[in-house]
Amino acid sequence: LFLLFPIGPVSELNPVPQVKAIRAEHGKKSFGPVVVDHLYGGMRGLPALIWDGSVLDAEEGIRFRGKTIPECQLLLPKAPGGSEPLPEGLFWLLLTGEVPTPEQTKELSRDWAARAAIPEFVEELLDRCPTTLHPMSQFSLAVIALNHNSSFAKAYAEGISKKEYWGYVFEDCMDLIAKLPNIAGRIFRNVYGLGKVPSIDPTKDYSWNLAHLLGFSDNEDFVELMRLYITIHSDHEGGNVSAHTGKLVGSALSDPFLAYGAALNGLAGPLHGLANQEVLVWLRKMQSKIGEDASDEAVKEYVWSTLKGGQVVPGYGHAVLRKTDPRYIAQREFALKHLPNDPLFKLVGQVYSIVPGILLEAGKAKNPWPNVDAHSGVLLTYYGLNQMQYYTVLFGVSRAFGVAAQLIWDRALGAPLERPKSYSSEAIKSMFAGK
Ligand code: AMX
């Protein structure tokens with residue numbers, strides 16, 4: 001597999017010369033002004049990063065190597081009898097820019113299954129965690145502990161050349177992705193008292209195995225949901241908190257386990273990946289306050305009470321998007337196909353018809369439309385995965401695909417240590433005094 005990826009010096013697709021040419025021709029050209037608001041405003045919109053794997057357009061949403069979600073659903077290989085894309089194919093696409101053949105996808109499933117076992121001490125570490133420790137904290141602990149066996153850290157300590165970094169990072173990233181189902185499965189079973197983690201089946205695909213370890217592989221629709229879920233949550237260009245954290249930490253040449261553990265800690269925040277847990281908590285609270293089958297008026301009143309309480313409506317708004325997230329639409333279409341009459345899905349739809357109007361009227365949020373997290377929980381709940389605190393772990397399994405692809409490319413392209421400049425407010429005052 002290693003030989004199939006187009007990073008090595010012999011490949012015609014190797015983009016290293018292309019990057020050199022871009023820098024030689026355009027290196028000193030400006031994107032436009034940096035204004036003081038960029039510094040105080042969370043760097044929103046500041047051009048600062050390179051990532052070829054996916055690009056986010058404010059109106060259209062995400063494209064993975066130029067392909068929209070519906071295009072990926074059409075073009076990427078499926079499991080026999082399945083209709084959702086296999087995330088193996090998406091990883092291949094992110095990494096190489098090419099749609100793999102079904103056989104290449106199968107080879108990746110086999111490779112990951114062969115690497116899936118986690119060290120015994122990591123199993124013990126997870127078994128010792130109190131069940132009250134949030135699943136995301138357990139997830140991050142376990143991923144960071146995998147650094148014990150990092151090929152990159154070992155090779156670096158032995159003094160490899162810079163040119164060899166990417167190959168070892170590639171090995172670690174493949175291990176990282178492969179081991180996540182066993183970590184995620186163990187956390188799920190430990191926290192919710194669901195018994196021993198079953199074994200990975202080396203003949204099955206990644207999503208089937210993840211579903212199997214969670215105890216849902218008997219339900220083919222749930223397995224299909226996992227395939228769609230991992231595909232659409234994998235990557236969202238380079239600047240979101242988890243992707244950027246992974247890249248930043250990786251730039252210090254911390255190995256992929258340390259870098260992805262850090263990324264997971266960012267994903268665990270309520271304004272980022274934890275929003276999928278927050279959405280379900282919020283919907284359940286709404287139901288207990290205004291009942292099921294509530295009127296539009298009652299829902300409106302509840303949304304306003306959330307805003308008046310100084311809280312955000314979880315699952316709505318986005319730092320980049322200005323339209324309904326296509327990841328939301330893909331999940332809505334899945335729900336229309338598989339669970340059109342589910343009461344919670346109906347509530348999600350009702351909320352969709354009400355919240356944007358209220359956020360527009362409230363006048364603060366730049367984007368009143370739903371994001372990916374507004375819809376994922378209802379799908380998981382429908383199939384019986386109703387442990388809301390666990391939801392972000394599944395997001396974390398998926399996001400590894402994008403962060404891993406980025407880490408491999410960053411080391412292949414020789415990306416330097418990230419080190420932007422910070423200023424004090426005093427410096428800003430004196431810099432612009434009288435101007
Ligand atoms: N409900 C209420 N207020 C909201 C809001 C929402 N859903 N979205 C934005 N706002 C508010 C902001 O809190 C901010 O208020 P302030 O001026 O008092 O600080 C104001 O509107 C302007 O914010 P913005 O420029 O529109 O958004 P942002 O880029 O600063 O933040 C995000 C983006 C996602 C953090 C924000 O929309 C939010 O908090 N949404 C709810 C949480 C959520 O769904 N997060 C998941 C995002 C997707 C993901 O990463 N998984």
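Order of appearance sets the numbers: ligands from 1, and atoms from 1 within every ligand. Computed from a predicted structure; not experimentally measured. Residues take their numbers from the sequence shown, with the count starting at 1.
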Practice task
Would you confirm whether the ring centroid of F139 sits within less than 6.0 angstrom of the ring centroid of H134?
Solution key: no
Problem - Nearest neighbour in protein (non-hydrogen) for atom 27 (O) of ligand 1 - result: H318 O, 4.6 Å
Exercise for the section: Answer yes or no: is there a donor N or O on one side and an acceptor on the other, between the side chain of R65 and the main chain of L94, under 3.5 Å? Expected result: yes
Problem - ligand 1 contacted by L359 (non-hydrogen, < 4.0 Å) - result: yes
Problem - Test applied, side chain to side chain contact (heavy atoms under 4.5 Å, CB included); reference residue, S376; option that passes from I232, N276, L280 - result: N276
Practice task
Ignoring hydrogens and angles, tell me if any N or O in the side chain of H26 forms a donor-acceptor pair with the backbone of I22 under 3.5 Å.
Solution key: no
Practice task
Compute the shortest N/O to N/O distance between K366 and ligand 1 and return yes if it is under 3.5 Å, no if not.
Solution key: yes
Handout entry: Under-4.0 Å protein heavy-atom contact, atom 33 (C) of ligand 1
Key = yes
Exercise for the section: Scan the protein's non-hydrogen atoms and note whether one is under 4.0 Å from atom 23 (O) of ligand 1. Expected result: no
Exercise for the section: With heavy atoms under 4.0 Å as the rule, classify the contact between A365 and ligand 1 as side chain, backbone, both or neither. Expected result: both
Completion exercise
Ranked by distance from atom 3 (N) of ligand 1, the top protein heavy atom is V312 CG1, 3.9 Å
Exercise for the section: Would you sort out whether F91 and W112 count as a ring-ring contact (aromatic ring centres under 6.0 Å, His included), showing the intermediate values? Expected result: CA-CA 12 Å; F91 182 68; W112 283 344; 5.5 Å; yes
Practice task
Before signing off on this row, confirm whether V313 and ligand 1 have an N or O atom pair separated by under 3.5 Å.
Solution key: yes
Exercise for the section: Scan the protein's non-hydrogen atoms and note whether one is under 4.0 Å from atom 45 (N) of ligand 1. Expected result: yes
Practice task
For atom 39 (O) of ligand 1, grab the closest protein heavy atom and report residue, atom and distance to one decimal in Å.
Solution key: L271 CD2, 3.3 Å
Practice task
Find all atoms of ligand 1 within a distance of less than 4.0 Å from any non-hydrogen atom belonging to A319, and give their numbers and elements.
Solution key: 29 (O), 33 (C)
Practice task
Can you confirm whether something in the protein, heavy atoms only, sits under 4.0 Å from atom 14 (C) of ligand 1?
Solution key: no
Practice task
Identify whether the distance between the nearest side-chain nitrogen and carboxylate oxygen of E171 and R115 falls below 4.0 Å.
Solution key: yes
Practice task
Assert yes or no for the condition that the ring centre distance of F401 to F64 is strictly below 6.0 Å.
Solution key: no
Handout entry: Test: K247 and D410 ion pair at under 4.0 Å
Key = yes
Handout entry: Any non-hydrogen protein atom less than 4.0 Å away from atom 19 (O) of ligand 1
Key = no
Exercise for the section: Look only at interatomic distance and state if F395 has a nitrogen or oxygen under 3.5 Å from any nitrogen or oxygen of ligand 1. Expected result: no
Practice task
Report the part of R44 in contact with ligand 1, treating N, CA, C, O as backbone and CB onward as side chain, heavy atoms under 4.0 Å; options are side chain, backbone, both, neither.
Solution key: side chain
Practice task
Answer yes or no: is there an ion pair linking D293 with K346, defined by an N-O contact shorter than 4.0 Å?
Solution key: no
Problem - Distance flag for atom 41 (C) of ligand 1, protein heavy atom under 4.0 Å - result: yes
Exercise for the section: Examine H272 against ligand 1 and note whether any of their N/O atoms are separated by less than 3.5 Å. Expected result: yes
Practice task
List every atom of ligand 1 that sits less than 4.0 Å from any heavy atom of A275, numbering the atoms from 1 in the order shown and giving each element.
Solution key: 43 (C), 44 (O), 45 (N), 46 (C)
Exercise for the section: For S150 and L146, indicate whether the former's side chain and the latter's backbone hold a donor-acceptor pair under 3.5 Å. Expected result: no
Fill in the blank from the handout: among protein heavy atoms, the one nearest atom 17 (O) of ligand 1 is K364 CD, 4.1 Å
Extract all donor-acceptor atom pairs below 3.5 Å that involve side chains of residues 377-387 and protein atoms in other chains or at least two apart in sequence.
residue, atom, partner, partner atom, Å
T381, OG1, G377, O, 2.8
T381, OG1, Y391, OH, 2.8

Problem - Any N or O of G315 closer than 3.5 Å to N or O of ligand 1 - result: yes
Problem - Smallest separation among heavy atoms of H272 and N240, with atom names - result: NE2-OD1, 3.7 Å
Problem - Heavy-atom nearest neighbour of atom 49 (C) of ligand 1 within options N276, N371, D373 - result: D373
Practice task
Tell me which protein heavy atom sits closest to atom 36 (C) of ligand 1, plus the residue, atom name and distance to 0.1 Å.
Solution key: Y316 O, 4.4 Å
Handout entry: Salt-bridge criterion met for K204 and E220 (N-O under 4.0 Å)
Key = no
